[in-house]
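No hydrogens, no waters, no symmetry mates; every other heavy atom, side chains included, goes into these values. None of the values given here were measured: they were computed from a predicted structure.
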Amino acid sequence: MDKRIGNRTLAEGVETQEQFEFLREIGCEKIQGYYLGRPRPYDETINNCLEKGISVELNCWKAYYDAIMEVDFLTGHALLLIEYRDHAYHILFANQKSRELFWQGDAEKCRKWEEAFNTYNQPAVRYLRRGLRRVMLSGEDEELAYPLDGDFIMMDCHRVIAYNGRCLLSVNCRLHKVAHEGDLFRPAYLLRNLFYLYDKVATFNLAKNEAIELTQPQLRSGLRKAPLDEALREYREQEVYHADRKRFAEFFDVKTIPERVAASKLGSIVEAFRTKGPDGSLIWKTHRLTRISSSRGDIYFCVVRVSDAQDLADYDAKCWNQYVLRADTGVDSADLLWRNFITGFPLPAFWKDAKRCFCGVNQRFLDFYDFDSVQDLAERTDEDMNWHVHPEPFARDEHDVLEKGITLRDVPGQCLARGVQRDILATKWPIYDTKGNIAGLMGYFVSAEALARVQQQSHKAAFVDAVTGTANVKGLLFLLAQYLDEYRFGHRNFVAIFIKIRAIDRLLRRYGEEACDELLHCIAEEIRRVLGPVGASGRFGRNQFLVFSQYNSQEEVRDLGQRLRTGIESIHNFGQRSCTLFVELHMAYPQDQSDFYEDIITALLGRSRKK
């Protein structure tokens, strides 16, 4: 009842393990009592929690844990809470019914099931992992069928919340028993189990440009249909390794599929491509196309499966030949090519192991940082070198490369080199071993000179604040010049309204920079809404905005100021976080002060502004 009306529950007087387990089973959010510790001063209470292995919840995670509290633990079904973190699935909670359904109440079986769930050994587990991943990425509920001891467990999967690399899924399970043992050998049952052997099974209707995926059924709304060209493009960009995408596009060229299938001896065509697993590792997968007899047009059956070991040797050679012409002189030797390539590469380049420690660099890198040898970097990370004033973004990017297999291109940042802070654009990508697992990362960066050229090519990037989408300092100065010209020569009055949000620094400490940027974007949207088409706005500093608006009367200005204050202070939520904002307004008129222009300039450049 409390959950349905939006209340939170706190149980006091919890003194035993049995009481704790009972309250946990029914979904009580918070507990208090001697089971955790006796009353004591604040510092002693914190130390007591840490000694017992109880971590302290950070403010930035409040919305995440609040979302968990909204889950109904008293459902009539078996309930699992599964959390995805550190690139693995973890059973956060299983009620009594689910423990009996899956593991007959045996804790050791539960542990082994969780271990198996994070491997690719069992086809049914792979199918379930793919389904949960779809729910995580799309946020759409899905019903999955998981085979267990000859029966099926129907699993209603729902994404509760996702934040900062973690995702919580609630899974309500119910048993669907096979009526008779003979049903196990019915064609429909056997065909359903065949799906677990394939990563994807789909039909392609070339005449209608339609794809129907059979291994991703939306049981509540029927089969998933999508435009064929869009489905192939999405799969190619998200799943296929970039070096194989050209071959993939050629194989799935819908204009030539009928001719190639008709010409094949077996009535089907097949090709293998390296595709990315959930952890970023590369897996060779075989893609086969065959025609289905139909009077309604050209319909083809497509199946995708993990390639057999004997299939792979030819594909490895094919991929190498994609880049290198064989020669009798030895110039196609991989070792010889690598040494010459890294020596002549014109940009600072580096490569690291899975722990982000440097393994090698080229001469351009050594010159940039003024090192004599790579030995100066041995077994050290960027943080060990202390060459980033703000190392967190660099570390976060490299963890994404190593743990997700993504490639980052031209990411802006700053580093210290020869005692000077330098602007750079960094590109990084994963290193794969012979088994397709991520073993490290490689990268290079472009220094300030190239960055300046990029900035000159983008007029918009030079004048727009990346966080709010309003004008930045340069853009505000440009706007000021335009408004002053119209004031001096067109005799149009205008006002400059300085807006300062006092709560931003406090919210930054509470929720972190990423969340704070989200709030600033909400504030900018509200300012734009209030201004409409009759004014311009921008941000300078972390928590200050500047608005320019022409007017006909002081009443218009007072009304505009009041609407800006009311609109901004009415923002009490951003995302799933709460806030209370207080606005300071200061209005300046060019006709009231001779140093109006200087006042705005000094404010935008961060110096003290005259009152």
List the atom of [X], the atom of [Y], and the distance in Å for their closest heavy-atom pair.
X: Arg245; Y: Glu237; value: NH2-O, 3.1 Å
X: Pro430; Y: Gly405; value: CG-O, 3.8 Å
X: Thr381; Y: Phe358; value: C-CE1, 4.3 Å
X: Arg24; Y: Phe73; value: O-CD2, 3.9 Å
X: Glu556; Y: Tyr551; value: OE1-CA, 3.6 Å
X: Asn573; Y: Cys579; value: N-SG, 4.2 Å

Do any N or O atoms from the side chain of Asp465 and from the backbone of Thr470 form a donor-acceptor pair under 3.5 angstrom?
no
For the backbone of Asp410 and the side chain of Thr427, can you confirm whether one donor and one acceptor N or O come within less than 3.5 Å of each other?
yes
Could you walk me through whether Tyr511 and Ser578 satisfy the side chain to side chain contact (heavy atoms under 4.5 Å, CB included) test, starting with their C-alpha distance in whole Å, then the side-chain angles of each, then the deciding distance to 0.1 Å, before giving a yes or no?
CA-CA 10 Å; Tyr511 294 122; Ser578 60; 3.9 Å; yes
Give the ring-plane orientation class for [X] versus [Y], where under 30° counts as parallel, over 60° as perpendicular and anything between as tilted.
X: Phe365; Y: Trp387; answer: perpendicular
X: Tyr483; Y: Phe494; answer: tilted
X: His586; Y: Phe498; answer: tilted

Taking the six-membered ring for Trp and the single ring otherwise, decide whether the centroids of Phe548 and Tyr487 are under 6.0 Å apart.
no
Is the distance between the ring centroids of Tyr64 and Tyr163 under 6.0 Å?
no
Could you go step by step and tell me if Cys516 and Ile504 meet the side chain to side chain contact (heavy atoms under 4.5 Å, CB included) rule?
CA-CA 7 Å; Cys516 196; Ile504 295 297; 3.5 Å; yes
